[in-house]
Amino acid sequence: MRFNRLDLNLLVVLDALLTERNITRAGEKIFLSQSATSGALGRLREFFSDELLVQVGRKMVLTPLGESLVRPVRATLIQIQTTIDMRPEFDPAVAERKFTLVMSDYTSTVLMPDVIRAASRDAPGISFEILTPSDDPLEQLERGEADFVLLPDHFIAQGHPSCHVFTEDFVCVCWEGNPMVGETLSARQYLDMGHVMVRFGSQLNPSLDESLTKKSGIERKAEVVSTTYAAIPHYVIGTNRIATLQRRLAYLWAHYMPLRILPLPVHLPKAGWSLQWHQYRDMDPATQWMRRLIVGVAGARPSLERRFDETA
DNA sequence: TGTAGCATCTCGTCTCAGAT
DNA sequence: ATCTGAGACGAGATGCTACA
């Protein structure tokens, strides 16, 4: 069967080839042999009257036409996937579905446990996969690798719908036994002391608090850089170092670990976190349900936040 | 020289259109 | 409804090229 002379199965091969830029790996990705993938590339080359990928040494490089097809082909496949997945109604009580979300371990620690608890109560057939952000989280959304990204507003890109989820401010944490810090911290101490900081991805992109402090002209001494929030308390405890953290995360850890929470001696604006999804999934009832669940849980003053109030 | 990766050849299987 | 042949496609084997 052909659609305008093209076997639509070839679009799947083309997407794998444009992504992997390697015939063997593209074939493995879509469960075809290297020879079958090479043959499919031959048919694609004939259809498009273009080489699409050319061999340069041991590498395959996209031609300009190949380059121009990357996004539209991916978008087409996502639209097909959404059409196949879409049901006119979504009944959480009986639905079987996996949601993939991209977020830092901060949001997966302070927000997702409540979301997952609520989901398992109302929708026992729903499962979750939480991925850490790559260097370009939007790419993960556009490639269909994620149903949602949950990021600071600062990092939400144009082109896909999004909604506000919660707002958070920052505090400073130090080890309870830190002899250099009392009940408060001066701006001078904050600038002079060594900091434990988080950076993300292979490029070590700065976290939100680092972006905000830099924007305010504040330069901190980064003595330890971690790629996860989870490691921060362990790098602070037993040392004279401090860290700047989101309030909810700081109070959560202070509940279990010997940490002291201090007001931030420098001004950092509150930051908003937003949920973003692919425009093609905007009308999908399952996606709409998950959006409502996350926003609802975040807005309902989750159990964790009540505990912070009591602790504070 | 060994390895990685793409192209091509051969053969088997499947699909589909046309004949009966 | 069934049979048959042509064409398309995939898998395995193999050749060729680039590179360390």
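Quick note on labels: first sequence line is chain A, next is B, and so on, each numbered from 1.
Using a 3.5 Å distance cut-off with no hydrogens or angles, the side chains of A:R220 and A:T244 do pair a donor with an acceptor.
Proximity of A:S38 to the phosphate of B:dA7: a side-chain N or O atom is located under 4.0 Å from OP1 or OP2. Contact annotation: A:R45 side-chain N/O to B:dA7 OP1/OP2 distance is under 4.0 Å. Contact check, A:R43 against C:dC9: a side-chain N or O comes under 4.0 Å of OP1 or OP2.
Atom CG in A:L32 sits about 11 Å away from atom P in C:dG12, given to the nearest Å. Atom C1' of nucleotide B:dG5 and atom CD1 of A:I23 are separated by 8 Å, given to the nearest angstrom. Separating the CD atom of A:E20 from the C1' atom of B:dC6 is a distance of 16 Å, rounded to the nearest angstrom. The nearest whole Å value for the distance from the CG atom in A:L44 to the P atom in C:dG10 is 11 Å. The distance from atom CG of A:L41 to atom P of B:dT8 is 10 Å, rounded to the nearest whole Å. Nucleotide B:dG5 holds its P atom 14 Å from the CG atom of A:L53, rounded to whole Å.
The two atoms that bring A:W289 and A:A123 nearest to each other are CH2-CB, 3.6 Å, heavy atoms only.
In terms of polar N and O atoms assigned as donor or acceptor, the side chain of A:Q34 comes within less than 3.5 Å of the base of B:dA7 in a complementary pairing.
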Between A:E168 and A:Y106, does a side chain to side chain donor-acceptor pair (under 3.5 Å) hold up when you go through it step by step? CA-CA 12 Å; A:E168 180 82 298; A:Y106 152 61; 2.8 Å; yes
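The pair A:D209-A:K214 does not count as a salt bridge, with every side-chain nitrogen at least 4.0 angstrom from each carboxylate oxygen.
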